[in-house]
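Below is one structure, written out as structure tokens, with a few remarks after it.
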Amino acid sequence: MTEAGEYRQLGWWPLPAKHAMFETTHQAFLSRLARHDGEAWRHFVVVYGPLIRSYGLKSGLQGADVDDVVQSVWQSLSESLPRFRYDPERGRFRDYLGRIAANAVRRFHANRAARRSTRLDTDVARHLVDDGDFEDLFLEEWRTHHCQAALAALRRELSATSLDVFTALLEGADIASCMQRFDLSRDAVYKIRDRVRLRLEARIREQMHREDDYFHWA
Amino acid sequence: MTSIDDDLDAIFGVDPRSDAWLQRFSTQRRYPDEPEVDSYALYGLRLVGEVASGGQGIVYRAQDAVSGSHLALKRLRAPARFAAVVRLEREILALTRLRHPGIVRVHDVIDHGEVKTIVMDWIDGRSIDAWTTHRVQPTKLHELLRVFAEVCDAVHYAHQRGVLHRDLKPSNILIDDRSDTPRIIDFGIAKFMDEATVIQLTSITETHEYCGTVRYSCPEVVAEGSRAYTIASEVYSLGVVLYELVSGRPPYDLGVALSEAIRAGLTQGFNARFRLTRRCTRALRDIFERSLARAPRRRYPTVADLADAARRLAASAPD
């Protein structure tokens with residue numbers, strides 16, 4: 001199943017009624033996570049699991065290594081979430097999650113390096129790879145994750161023609177070939193593209209606001 | 001802290017005519033390919049092993065098949081993020097115009113099509129702060145000042161060639177184990193002072209957002225962003241480096257937050273936590289005052305002047 005298909009099935013944003021995560025107050029949800037409430041954690045993993053997994057893959061990990069890192073992130077979160085307090089100076093929830101995920105990946109790479117036989121602990125090697133990469137990479141992945149979720153939700157709302165045209169554009173088709181393939185004028189293709197863009201932008205904004213609200217410990 | 005508007009700008013871009021944002025939504029997302037390590041043999045390089053791995057890059061140690069010398073290969077993972085590609089291109093652009101014993105040397109650039117690999121000096125050594133703290137014998141002040149002056153020489157040379165490093169800090173200054181000489185590395189966010197290069201970079205990436213490391217950045221850069229970056233900013237960064245090497249602590253009591261750093265830089269000045277120690281003579285204090293002054297015009301006009309001051313003090317410092 002494609003990643004978009006998985007999101008569609010999960011119905012990430014907005015979550016279907018059975019997913020209570022965003023139907024309760026944010027304080028209540030954080031409290032449930034802090035109390036290790038099984039249902040709250042299941043929802044949390046449904047929403048953020050694909051992001052952490054995809055981030056692990058992008059960080060150069062493979063297969064079982066990714067599973068280890070994902071587990072390590074859940075472990076760190078379950079230990080630190082009870083102490084989580086929103087502090088604007090320290091950034092948004094995504095920054096907090098990013099730090100935990102980046103540290104898990106960093107630990108993994110450090111452990112792997114320690115097992116190798118070549119001399120690995122030189123400052124040269126460490127500094128040739130930018131240590132800030134992992135945080136930047138998480139930020140990129142987090143944004144892409146919101147994009148994919150917004151698209152999965154929007155697909156259900158678009159007309160058949162708009163969906164087909166937009167899918168073709170995503171697959172790399174240019175405006176001219178869309179005009180020919182769907183028998184549309186240039187203006188019509190541009191209009192579909194721009195309208196979908198506006199709706200995606202609005203939806204992503206809403207998702208991000210919601211995320212900040214629900215992880216804002218007032 | 002970045003806002004949701006910043007995130008949306010990063011996703012959709014600020015140019016409404018660009019279609020680059022569509023890639024974010026493509027369902028055919030690719031994951032990094034495994035590096036084609038065998039391909040380096042074509043260039044006469046024998047891989048010794050992978051020595052470091054980051055989110056975007058991998059570093060190998062390799063041996064030149066002809067000369068036997070060791071080299072570092074730095075390459076991006078494919079497909080690379082745009083920002084990472086630009087950073088690597090910027091580093092290539094800077095290092096290929098710099099030939100100085102105090103700056104890591106680029107031997108070659110291997111183009112794999114989608115990604116490039118920089119072939120550069122392999123340095124058996126450690127960062128300058130680790131060098132001062134891990135030696136068998138404590139580093140003497142005159143030794144430290146001699147090495148520091150050599151660092152300044154290399155930075156001044158880069159300035160004369162139109163390159164501002166913009167991220168001078170101990171971890172970007174390596175000391176070669178065999179010769180105890182410094183090498184400056186990581187020109188990934190370098191700024192070019194000549195107009196032609198500035199225009200070339202501006203067209204794709206140059207922004208005026210803050211970049212660098214807060215702890216080593218001067219107040220005007222932290223407050224106003226990279227547009228405020230000048231030679232005086234490098235004098236300041238080197239002043240912080242020297243201060244830390246001598247005193248073992250930063251000149252400010254900085255927290256991790258950028259806003260805290262701005263407040264500290266603009267309101268305290270370095271004297272807030274500065275204490276005279278046994279090692280801090282009047283002449284050394286003068287160097288700190290001239291390099292860490294809050295007003296850029298009160299700092300040494302060039303890094304060469306800072307080097308001269310360090311050398312004069314080294315000559316008079318006790319063994």
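Letters go in sequence order (proteins before strands), and every chain restarts at 1.
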Quick one: is the NZ or CZ of B:Arg126 closer than 6.0 Å to the six-membered ring centre of B:Trp131, and within 45° of its axis?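 No, B:Arg126 does not sit over the ring of B:Trp131.
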So does [X] pair up with [Y], basic N to acidic O under 4.0 Å?
| X | Y | answer |
| --- | --- | --- |
| A:Arg203 | A:Glu206 | no |
| B:Asp167 | B:Lys191 | no |
| B:Asp121 | B:Arg183 | yes |

A:Tyr55, part contacting chain B, at a heavy-atom distance under 4.5 Å: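 For A:Tyr55, there is no contact with chain B at all, as no heavy atom is under 4.5 Å.
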Look at B:Asp5, B:Ile118, B:Asp7 and state which one has the largest set of heavy-atom pairs under 4.5 Å with chain A.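 Looking at each option in turn, the highest pair count goes to B:Asp7.
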Judged by modelled atom types alone, do A:Thr167 and A:Asp164 share a side-chain donor-acceptor pair under 3.5 Å?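 On atom types as modelled, these side chains do not qualify, holding no pair under 3.5 Å.
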Applying side-chain hydrogen bond (donor to acceptor under 3.5 Å, both in side chains), name anything that partners [X], two or more places apart in sequence or on another chain.
| X | value |
| --- | --- |
| B:Glu244 | B:Arg215, B:Tyr216 |
| A:Ser76 | none |
| A:Asp174 | A:Ser177 |

Portion of B:Leu8 that has a non-hydrogen atom of chain A nearer than 4.5 angstrom: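 Contact with chain A is through the side chain of B:Leu8 alone.
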What part of B:Ile11 lies closer than 4.5 angstrom to a heavy atom of chain A: side chain, backbone, both or neither?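 Interface part for B:Ile11: side chain.
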Heavy-atom contacts under 4.5 Å, residues 185-197 of chain A to chain B: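 Interface residues of residues 185-197 of chain A: A:Arg193, A:Arg197.
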